[in-house]
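Data block below; observations after.
Each chain gets a letter, A, B and so on, in the order the sequences are listed, and its residues count up from 1.
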Protein chains: 2
Amino acid sequence: MISSLELARQCGISQGTVDRALHNRPGISAKTREKVLRMAKRNGYRPHPAARELLTGQSLTVGAILPTVNNVFFMDLFNELARALAKQNLRLQLTPVENRDAFLEMLEDFTARRYRLAVVIPPEDNIAVPRAITVGIPLISLFSPCRGSGIRFLSADEEETGRDAVRYLHRRGHQRILHLTYARRAYAIAARAQGYKEQCEELDLTSKVLLNVDAINLREALQRYRPTALFCHNDWMALRTMVLLSEIGLRVPEDISVLGVDNSPTLAALQPGLTTLAYPLASIVDTIMLILAEKPSRLNLVRYLLVERSTVRKLTGQPRREKKSHDQKIQTHRES
Amino acid sequence: MISSLELARQCGISQGTVDRALHNRPGISAKTREKVLRMAKRNGYRPHPAARELLTGQSLTVGAILPTVNNVFFMDLFNELARALAKQNLRLQLTPVENRDAFLEMLEDFTARRYRLAVVIPPEDNIAVPRAITVGIPLISLFSPCRGSGIRFLSADEEETGRDAVRYLHRRGHQRILHLTYARRAYAIAARAQGYKEQCEELDLTSKVLLNVDAINLREALQRYRPTALFCHNDWMALRTMVLLSEIGLRVPEDISVLGVDNSPTLAALQPGLTTLAYPLASIVDTIMLILAEKPSRLNLVRYLLVERSTVRKLTGQPRREKKSHDQKIQTHRES
DNA sequence: TTGTAGGCGTTATCAC
DNA sequence: GTGATAACGCCTACAA
């Protein structure tokens, strides 16, 4: 790796002139510029990002943290984000972390490195982020909130998602709807279950939530509650449920209906027939890019909680849809 | 973010003394050291990694590149690697790339940043890596080889994996074994299919390879070849196949056997009953860590191709197992 | 049109 | 024990 000073020596000129050539700045003869560019190419010259970052105090990297839990939906999201960032000449640095300590440690590192932005999926809910970090880097938390000033929390309206699911199934004639979800205490999980329960009450349906589905408790719940539909927290759990149902000997959708959430492209490849609620993944990425486009000074002042679906729309410039949007949102490759 | 110079001023001492305190170096009084550490903590001081990297010419980061193809097996691998690196105080920087250009661009960036090592899963086979990169950073390519001097290619012996699968199924009494794999031209895919074919010939079995399984061509192949066992390229494809079989109305393993490859922990959670060949994931991570432990000067001289299973063992210090190892390698939660 | 100087933050090596 | 100085590579401002 050659330095710009070394390059200047090889060309027999000064470092300043080399800089003018490399950055297309005025005040240099065409001949000299050409020569510098030729030599640079020949030597495979690349500016040292560390030096530039040190000088400018700004990095061209966006840091991302995700739990080591292997979640295909998270990967779909970050792949999308990486693509969007690449277009703006920014890189995404992904780091898997196992726990709260590693999470905060990584955030400190991002701050010290002057990353442009941190986009995180916290390994736990409500982690308290020290002020030293929040003043140092704009922070967007996805799916699960963090505690701390100026942190943006980006999420779909999970309660409404839960309600949507119940309404959709009820309209299809279902009366006994079971909700399958995780025992983990996380915002998205709790809120979605809450919406499910509330909507069930409004429609005079009995609600029942099953945590951490397995062969035994699923079988038991099926016998006890005789549900005609299963509303699963996400596509992954829907898939697992379908596998279990097939072992039990129940067919989907003839014997029982299964509804997932996410519309994960990766899982769609595995099980194209899955019925699922589409998660506004593209909106999330769009919103992140919008936040990034703002001036850093303004970033630390604004704070909003994207728990209202309309907020997402406003940010991404989409018009508020009419009532029937509920149906449009539902991807039905196979009716369930 | 406070600098060490600023910290020194606040303590009323020089930068050099601050450095002695922060790095536990001798030549400083206990009282001064304590004071510096206290002030550092209070101000949330963190050395700027860019400055350190600039000075030392070495980064504490390992760069990783993986295709945007959402592959749970890759994520399992990198999660393991991140964990192992964290123990050595190294970070893993993961970057998803879409194509050859982005891949090479990212490698150049890694080189410019003086990363300790690049661990890559190339988006295509046999990408030519310029010398400028290979001399700048030690490079390990996983699953799919790259062209270029000094590049280490780390992979299990894929041909042998293909043979193992056939031998295993044949010993269970299967005579008609179909191989389901991808159309993509990649080393692991081609080599595994090659091993499958060769072993079939040796055992006087007819071999048939089905590319890009879907509902239609699977049904057709089942009717035409009447296989009793399906050997799938990986767990993911095995799962997809099992879903299709269940739609067709065939039960696994009663009507037909399905064998996957990877022993992916993530997919095991989805379908615990899947029979699969264990991929030596831990060995791969161990080997990477061993390569990392060597001196960089030596790294650029050695070159080896880990296509012989014995080579992996040698590097990781495991004894060569006896014949029955084939059986031990196979994870059979449910006999297929 | 070109050369020179200074500083980003850290660390190693001098001198006191 | 402590303080001063130089250097890593880049970029900007100013001087020639």
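- Along DNA chain D, the nucleotide closest to B/Thr32 and the one closest to B/Leu55 are compared, and the more 5′ of them pairs with B/Thr32.
- Relative orientation of the A/Phe73 and A/Tyr279 rings is perpendicular, given thresholds of 30° and 60° on the angle between their planes.
- Annotation: side chain of B/Val120 is not in contact with side chain of B/Leu66 (no heavy-atom distance under 4.5 Å).
- Between the C1' atom of D/dC14 and the CG atom of A/Asp19 lies a distance of 14 Å, rounded to the nearest Å.
- Remark: C1' of D/dG1 and CG of B/Asn24 are 16 Å apart, rounded to the nearest angstrom.
- Residue contacts for B/Glu53: at a heavy-atom cut-off of 4.0 Å it reaches no nucleic acid atom on any strand shown.
- The aromatic rings of B/Phe143 and B/Phe74 lie parallel to each other, with less than 30° between the two planes, well short of the 60° mark.
- Dashed line: the shortest gap from a side-chain N or O of A/Arg25 to OP1 or OP2 of D/dT12 is under 4.0 Å.
- In terms of phosphate contacts, B/Arg20 brings no side-chain nitrogen or oxygen within less than 4.0 Å of OP1 or OP2 of D/dG1.
- Between A/Thr68 and B/Arg83, the closest side-chain pair of non-hydrogen atoms falls below 4.5 Å.
- Rounded to an integer number of Å, the gap from CG of B/Leu5 to C1' of D/dG3 is 13 Å.
- What separates CG of B/Leu54 from P of D/dA6 is a distance of 17 Å, to the nearest Å.
- The nearest whole Å value for the distance from the NE2 atom in A/His48 to the C1' atom in D/dC10 is 10 Å.
- Separating the CG atom of B/Leu22 from the C1' atom of D/dT2 is a distance of 15 Å, rounded to the nearest angstrom.
- Between B/Thr17 and the phosphate of D/dT2, there is no side-chain N or O to OP1/OP2 separation shorter than 4.0 Å.
- Protein atom CZ of B/Arg9 is 11 Å distant from nucleotide atom P of D/dA4, rounded to whole Å.
- The distance between atom CD of B/Gln15 and atom P of D/dA6, rounded to the nearest whole Å, is 14 Å.
- The outermost nucleotides of DNA chain C lying under 4.0 Å from heavy atoms of chain A, listed 5' to 3', are C/dT1 to C/dG9.
- Side-chain contact between B/Arg46 and A/Thr111: absent, with no pair of heavy atoms (C-beta onward) separated by less than 4.5 Å.
- Residues B/Glu98 and B/Pro123 form no side-chain contact, since every pair of their non-hydrogen atoms from C-beta on lies 4.5 Å or further apart.
- Checking D/dA4, D/dG9, D/dC11 against the side-chain heavy atoms of A/Arg52 singles out D/dC11 as nearest.
- Where B/Thr56 and B/Ser29 each meet DNA chain D at their nearest nucleotide, the meeting point lying more 5' is that of B/Ser29.
- In this structure the side chain of B/Pro145 reaches within 4.5 angstrom of the side chain of B/Asn126, judged on heavy atoms.
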